[in-house]
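These notes concern the structure reproduced below.
This structure is a prediction, so every number in the text was calculated from the model and none was measured.
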Amino acid sequence: MFSLDLKQPYSLSDLQSLLRGLNIANTLTSDEQFEINAISDGRRPVASSFCFLDDLAGIITQKKVLYITSISLENACCLLVEDPRYVFIKLLAYLQKKDHVYSLSPSHRNVGIHSAAIIHNSAILEEDVVIGNGTIISAGCVIKRGTVIAENCIIRENTVIGCEGIALYKSKNGEVLRFPHLSGVEIGSNVEIGANAVIVRGTLKPTKIEDNVVIGNLCNIGHGVVVKAKVWMSVGTLIGGNCNIANNVTIGLGVNVKDNLEIGENSSIGMGSVVTKTVDACCSYFGNPAKPLRGLKTGPKR
C-alpha cells in the first residue's frame, strides 16, 4: 500500500464544494463523516484517504475511505461522478497547485542535505530534497523536490532527477489531461547515475532505485519504476513507466523496455533489444522484439 499525505485535512463537504467550484457535479452516497488526510490507490487504499475506481472487479471496500466512482458501492462512502479518473486528476491538479501535498515520506521530511555531501555550485537543488553523507552531485544536475538520495552516490553531469513525465488521459468530454506527478524519487546507497540521465518522479508512488545500482549515461527511467539492488544498466537504456526490475539484472547498450513490465532476477538483456513482454528470472533475452537466447552474458560480474 502507498499513499501521499495532505498538508491539511479536508472534510467530505470540503471536497464536494471544491468540485462544484470546478463545475463538476457530484453526489455523496453516505452520511458517514471523516477527515481526508491522504491520497491513495483505489486498489489498496488507506484509511482517511480518497481514491478513484474505474474497474470495480474484485474490489473489497474499506471504512473511512472516499471512493470517487460512477457506481455506488455497498458499505462504502462514494462520491458519484460521471468520469472518476477525470475528477481524480482535477483534484490532484488543484492540490498540486495549492502545494497541499507532501512529496516526501514522514521519515525524510526535515532531513535536508548532509554536511558531507559534495554539491557542485552549478547544480540546482529544489526544496524538499534529501542528500546523504558522501554523495556527489556534479555540475549542471537538477534535483527536483521530493527526491531522496542516500549515502555515497555519484550523480554525474547534467542529470535530472525528479522531473515530471508524460501521463495523459482523454476524458469522456474530450478534454486531454496530464496526470499530476505528486510523488518523488528515492535512491539508495552506493548508486552511480551517468551524465545526462533522466529519472522521472512518481505519480502516486515514488520511483525507486535501490542500493548498488549503476545507470549509464543518457538513460531514461519512467515514473513509478522500481530498480532493485545491483542492477547494471548500460548507456542509452529507456525504461517505461511502472516497470519492476529485479535484483542483479544486466541491461545492455540502448535497450528499450515497454512500460508496466517485470524484468526477472539475474536476467540479462542484450544490446539494442526492445522488450515488449515480461522477462523471466535467470534468462537471457535479445532482439526486437526480445526473445530468450541461450547463453547470452552481458555486463560485469558483481
Side-chain angles (χ1 to χ4, degrees), residues 1-2 103-109 111-119 123 125 128-138 141-157 159-163 183-202 205-235 237-252 255 257 261-269 279 281-282 297-302:
M1 295 194 300
F2 54 86
S103 55
L104 292 173
S105 65
S107 62
H108 291 130
R109 292 171 202 160
V111 174
I113 299 170
H114 196 281
S115 59
I118 302 169
I119 315 294
L125 275 62
D128 296 329
V129 163
V130 176
I131 308 292
N133 182 10
T135 285
I136 299 170
I137 308 295
S138 302
C141 289
V142 178
I143 313 298
K144 307 286 283 184
R145 68 183 306 170
T147 298
V148 177
I149 305 175
E151 298 180 343
N152 300 316
C153 296
I154 301 173
I155 314 299
R156 299 207 179 274
E157 288 75 9
T159 282
V160 179
I161 300 177
C163 61
S183 192
V185 177
E186 297 179 3
I187 297 175
S189 299
N190 305 306
V191 170
E192 181 173 347
I193 299 175
N196 296 293
V198 176
I199 315 293
V200 177
R201 67 188 298 133
K205 65 175 182 177
T207 302
K208 287 192 174 184
I209 298 171
E210 294 189 358
D211 297 345
N212 302 299
V213 169
V214 175
I215 296 175
N217 301 338
L218 299 167
C219 290
N220 188 98
I221 311 297
H223 65 264
V225 168
V226 176
V227 180
K228 292 287 191 176
K230 295 186 178 180
V231 167
W232 178 280
M233 190 179 301
S234 296
V235 171
T237 293
L238 307 178
I239 307 294
N242 296 309
C243 287
N244 288 304
I245 302 176
N247 297 320
N248 297 302
V249 168
T250 299
I251 300 177
V255 169
V257 180
L261 293 184
E262 302 279 338
I263 308 299
E265 190 169 69
N266 297 309
S267 61
S268 298
I269 303 173
V279 170
C282 302
K297 296 296 180 183
T298 60
K301 291 184 178 181
R302 57 196 187 281

Please identify which of these residues, I149, V200, V142, meets the side-chain contact (heavy atoms from CB on, under 4.5 Å) condition with I161. I149
Do the side chains of I187 and I193 get nearer than 4.5 Å, heavy atoms only? yes
How far does CG of L104 sit from CZ of R109, to the nearest 0.5 angstrom? 7.5 Å
Got V198 and N220 here, is their nearest side-chain heavy-atom distance under 4.5 Å? yes
Grab the two heavy atoms, one from V255 and one from G252, that are nearest each other, plus how far apart they are. CG2-O, 3.3 Å
Does some side-chain heavy atom of I239 sit less than 4.5 Å from a side-chain heavy atom of I263? no
Trace of the side chain to side chain contact (heavy atoms under 4.5 Å, CB included) decision for I245 with I251: CA-CA 10 Å; I245 302 176; I251 300 177; 4.2 Å; yes
Please give me the minimum heavy-atom distance between V129 and K144, naming the atom from each residue. CG2-O, 3.4 Å
Please report the C-alpha distance between N242 and K205 in whole Å, then the side-chain angles of each, then the deciding distance to 0.1 Å, and finally whether the side chain to side chain contact (heavy atoms under 4.5 Å, CB included) criterion is met. CA-CA 10 Å; N242 296 309; K205 65 175 182 177; 3.7 Å; yes
Is a side-chain donor or acceptor of T237 paired with a backbone partner of C219 at a separation under 3.5 angstrom? no
Test log, rule side chain to side chain contact (heavy atoms under 4.5 Å, CB included), inputs K230 and N247: CA-CA 6 Å; K230 295 186 178 180; N247 297 320; 6.0 Å; no
When rounded to the nearest 0.5 Å, the distance separating OG of S234 from CD1 of I215 is 11.5 Å
If we ignore hydrogens and angles and just use 3.5 Å, is the side chain of N196 paired with the main-chain N or O of N217 as donor and acceptor? no
R201 CZ to S103 OG distance, which is reported to the nearest 0.5 Å: 5.5 Å
Please report the interatomic distance CD1(I154) to CG(N190), rounded to the nearest 0.5 Å. 9.5 Å
Which pairs of donor and acceptor atoms, one on a side chain in residues 130-138, lie under 3.5 Å apart (sequence neighbours left out)?
from	atom 1	to	atom 2	distance (Å)
T135	OG1	A150	O	2.5
T135	OG1	N152	N	3.3
T135	OG1	C153	N	3.1
S138	OG	I155	O	2.9

Looking at OG1 of T207 and NE2 of H223, how far apart are the two atoms once the value is rounded to the nearest 0.5 Å? 8.0 Å
Please report the interatomic distance CD(E265) to NZ(K228), rounded to the nearest 0.5 Å. 9.5 Å
Can you check side chain to side chain contact (heavy atoms under 4.5 Å, CB included) on I199 and T147, steps first, answer last? CA-CA 10 Å; I199 315 293; T147 298; over 6 Å; no
Are any non-hydrogen side-chain atoms of C141 and V160 less than 4.5 angstrom apart? no
Heavy-atom distance under 4.5 Å between the side chains of V213 and V231, does that happen here? yes
